[in-house]
Every structure is written in C-alpha cells, then in structure tokens.
Novice: 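Quick one: this structure, given as structure tokens, is what I'll be asking you about.
Because the structure is predicted, anything quoted here is derived from the model rather than measured. Protein chains get the first letters and strands the later ones, always in sequence-line order, with residue 1 at the start of each.
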2 protein chains.
Amino acid sequence: MMAGLRERKKAETRRRIAETALRLFDARGYDAVTVNEIAEAAGVAKVTLFSYFPSKEAIVLDGVGDDLAGVVERRGAGRTPLAALRAHLREVAARPPGEADAGELAGELMARVRVITSSPALLAAVEQANAAERHRLAAALAAARGAGGGADGGAALGAGGDDLVARLMAAQVTAVVGALQEAFFLRLASGTPMEEAGRRLTADVETAFDLLEHGLAAADEHATQQNGDSHEDGR
Amino acid sequence: MMAGLRERKKAETRRRIAETALRLFDARGYDAVTVNEIAEAAGVAKVTLFSYFPSKEAIVLDGVGDDLAGVVERRGAGRTPLAALRAHLREVAARPPGEADAGELAGELMARVRVITSSPALLAAVEQANAAERHRLAAALAAARGAGGGADGGAALGAGGDDLVARLMAAQVTAVVGALQEAFFLRLASGTPMEEAGRRLTADVETAFDLLEHGLAAADEHATQQNGDSHEDGR
DNA sequence: AGAAAAACCATACCGGGTTCGGAAACGAAC
DNA sequence: GTTCGTTTCCGAACCCGGTATGGTTTTTCT
C-alpha cells in the first residue's frame, strides 16, 4: 500500500486538529473557543487549519450526514426509491454506532453529540447540510421518476409542476431523516444509554416510513380538538 | 392614533434602510454589497443599522415566513391540525401577493425574490427560518395531540417516542411548505408572470396536501427502475 | 545531492457584528 | 422657551471567522 510519510502526517494532523477542537469545545462551549486557540493548541497555524477544514463548523461536523441521493441512484433494479431508502435507513439504524469512521471511539461520538446539540450554530449547520442533501435527493428522485415506468397514471401528478412531486418527496424524506437524527441525538444527549437509543431508533424508522408511505391522515384525525369530537375533514 | 414624531422617524428610517439595501443588492448582488455601504447610502451609522436589523440577512428577510404554529393553536373547535393548515395554505395561495405588509409594491416584492433566489447565503437563512418554524410547529402539534380525543388507537404510534409523531408531522408539513415557497419563488424568478404563478401555487397546495395525507406510496410506485418494469414493492 | 512539489507559516487584510462613551434629538414639565 | 430626563444616534475601536500574499521548510523524485 505504501503509506507514504506525507500522507500519514497529513492524516495525523487532521486527526489532531479535530480531536483538539472537540476537546476544547466540549470543555468550554463551541462559541467560546476561537479558531486561533484551536490552531495553537493543535500546533498548527490558522491558515493551515483552514486548509484542512473549510470552516469552524466543519471541524465538528466532518463526516456527518448520509448520501441519500446515492442510495436512490444505486438502488437495485425493480426497486422503488422509497423502498431503497427504507432499507438503507434500517441498515444505518441497525449498525452499532462508533464504527462510522474507522477508529471512532464511543466517547468521542458522545462528545460530538454533546457539542452539537448544545450549540445553535452547529444545529443550524446540520440543518444546512440536510438542505443540501435534500436538493441532491430531489434531483435523484426526479431522474428516477423521469426514467421510470413511462407515461402512466402517475403523470397526472408529475406532469403539472416542474417536478414538484419529486421535490415534495425529497422534502418529506429528508425531513423525516433529520427528525430521526435529531431524536436520536437528543436522547443520547439526555442520558439515554446508547444501546437503548439504538433500539428506539430502529423502531422509529418503521414508524416514520409508515407515516411517509401511508400519509398523515391516520395520525392526524385522532387529534381533532380539545373538546370537539366530530371530525369533518376540510377537503 | 397619535403618530408621534419619534416613532414616525424610526419607521421611516427603518423603511429607508430596507429599501436602500434592496436596491443595492438587486443592482450588484447580495455578497458584493457591504453593510457599511448600505449604512452610508441610507444615511445612518453601521451601529444604527444593526440596531434596526439584527443581521445583514434580516434586512432582506424581514417579515418573510408564516406562523404555522399559530394556525394550529388557533384552529377552530373540532378541526384537525392538518385540515387547519390546509385551509390556511389555501388562503395564503389565493391571496393576491403584494399586500403582505401594508404598502408593499409589486416591484419591491419581485426584487426581493430576485435577490433571495440568487444568493446562497439568503437561501440558507430562509432554510433556518423554516427550521425555527418547524420547532414551534412541532410543539404546537404535540400539544394538540396530547390534549386531543384521548387514549385511542393512535396511541400505538404516539405513546412510544418522546413525541416522534408530532416531530415527524411538523417536519413533513414545514418541508412541504418550504418546497411550495421555493417552487413559487423559482417560478417567479424565472419569468413566470405573477398571476400564472399564483394559480399554479393554488394547485400545488392541493397536490402537496394530498401527498401529505395519503402518503408517498402512490406517487412512489410508478418509478420502480430505469429499465425494470415489474414493480414488486420492497416492503 | 539537488531540484520540483507540496505543505506550512507570519502577517496583513476583509467583512459582519459588538462594545463603549459621548453627542444630538426628542418629549414633557415648568 | 428653557430645562431636564430619556431615547436615539454615532465614531472609533475591537473581536472573530475566513482569505490573500509571499516566503520558508519539508518530503519526494531523480
């Protein structure tokens, strides 16, 4: 494989920066730590730090997120996008966390969760990443729908907008994935042990996709009002 | 009414800042205009500008967004949250734009749309606002569900998570509203006349809520694969 | 060994946003 | 109309994240 001293050093420096930053963030809060401090503590110059990570946020969020668009594009023949996504999410939920990026320790992951959940700026950044993923997913879904079975009944919906349906599907799917992430993180941050949280996540995936596939109507109608009981739906 | 000179001046200054900024952004692009320039052109100091608007983005995005959580909270008796939201969105779509904030000219609104859609930073900020709205909506939905008809069949879903279902509903609804906004803006920005865009939006609302209520399964199954035609769903 | 390439760094700079102490404008009272 | 408290405004300095510049060290190839 020929490791190559250069690349080894690079990898090590990158790791050192991320680790140092995480430690500082966890100890003193994300906003209270400046990039200068991180750079100094990690033994590099600020400009070098920014050659490894494009922004302060990226130091923490490196590798967070999921390639949903890729899942749709690489799905097996005869498989619907939604089914492929569901299967993928099942896998992700089932996979014991900690092996995300080769040698990630459980403690490090917990620290990351702690730091992220306690910083509005980082939560916003996660939101941003989700939005970006959503756009990619919308494109992938539009392609899948376009190259699909052909001009069948579904065209009644799809023909109208630019590709509104693809966008709506993408929006709902990424929203759901985001909510799952959020729920998982919040549980972890509030003390739920990892194993328990993982089990809950697995169940949540099913709940979420059932809701996605079969609609909100069922979940909605039992919450008509605090006193009224007659439910005339407004359609 | 008692105008009061002081408040009149304040309102006028605020308006002047916003107008000046919008004009500059539209002419030269959001990123190419500094807040110093805006302040100078508007005849105020930078610090004063930031006393009127909390950030550069807020100058453009002032008043953008919709109080979805309030709609749920203020819905009439015997009305399901989803129905209330649908009705509200129908109203918004039907209302001729331009009367959003008392004296907004149609040209100004178009300029705003142009500026927002052509700036990644502003689109990101819109995303952020949507996220904030989503959290409020989730809380409102959770309250509605909690105080709802009581312990019926739906508890099978709701009892498990913290309030996962409320979060999922909120996520999907705001995602859909965001997608509608986005589609509307993009059409406007790409030259579609206002009236036409409004009509399309009205139709889109129905499409979107049908999808929300009845699920993605119907829209999904006709896009099985680019070559395969047998569609066995993977559930 | 020596040269090309790549990584690193110090420094200065930019723009968004805040802090601070004082000056000016307003409103009300006399 | 003068006084006086309050609100608004402002200039200047500052902080922080991020970028541009140009030179120095380190690694790799020959």
Novice: Is it the case that atom CD in A:E40 sees more than 12 heavy atoms from other parts of the structure closer than 6.0 Å?
Specialist: no
Novice: Is a salt bridge present between B:R14 and B:E19, judged by a nitrogen-to-oxygen distance below 4.0 Å?
Specialist: no
Novice: Quick one, which residues of residues 113-127 of chain B touch DNA chain D with a heavy atom under 4.0 Å?
Specialist: none
Novice: Tell me which one of A:R15, A:K9, A:R8 satisfies salt bridge (charged side-chain N to carboxylate O under 4.0 Å, His left out) with A:E12.
Specialist: A:R15
Novice: Start at the 5' end of DNA chain D and walk down; is the nucleotide closest to A:N36 or to B:V47 reached first?
Specialist: B:V47
Novice: Would you indicate what B:Y52 reaches in the nucleic acid, counting non-hydrogen atoms under 4.0 angstrom: base, sugar-phosphate, or nothing?
Specialist: sugar-phosphate
Novice: Does B:V33 or B:K9 map to a spot on DNA chain C nearer the 5' end, using the closest nucleotide for each?
Specialist: B:V33
Novice: Is any side-chain nitrogen or oxygen of A:K46 closer than 4.0 Å to OP1 or OP2 of C:dA10?
Specialist: no
Novice: Determine, for A:E91 against A:R95, whether the closest basic-nitrogen to carboxylate-oxygen distance falls under 4.0 angstrom.
Specialist: no
Novice: Establish, with yes or no, whether the OP1 or OP2 oxygen of D:dC16 is under 4.0 angstrom from a side-chain nitrogen or oxygen of A:T34.
Specialist: no
Novice: Between A:K10 and A:E7, does any side-chain N to carboxylate O distance fall below 4.0 Å?
Specialist: no
Novice: Are B:D204 and A:R167 close enough for a salt bridge, meaning some N to O gap below 4.0 Å?
Specialist: no
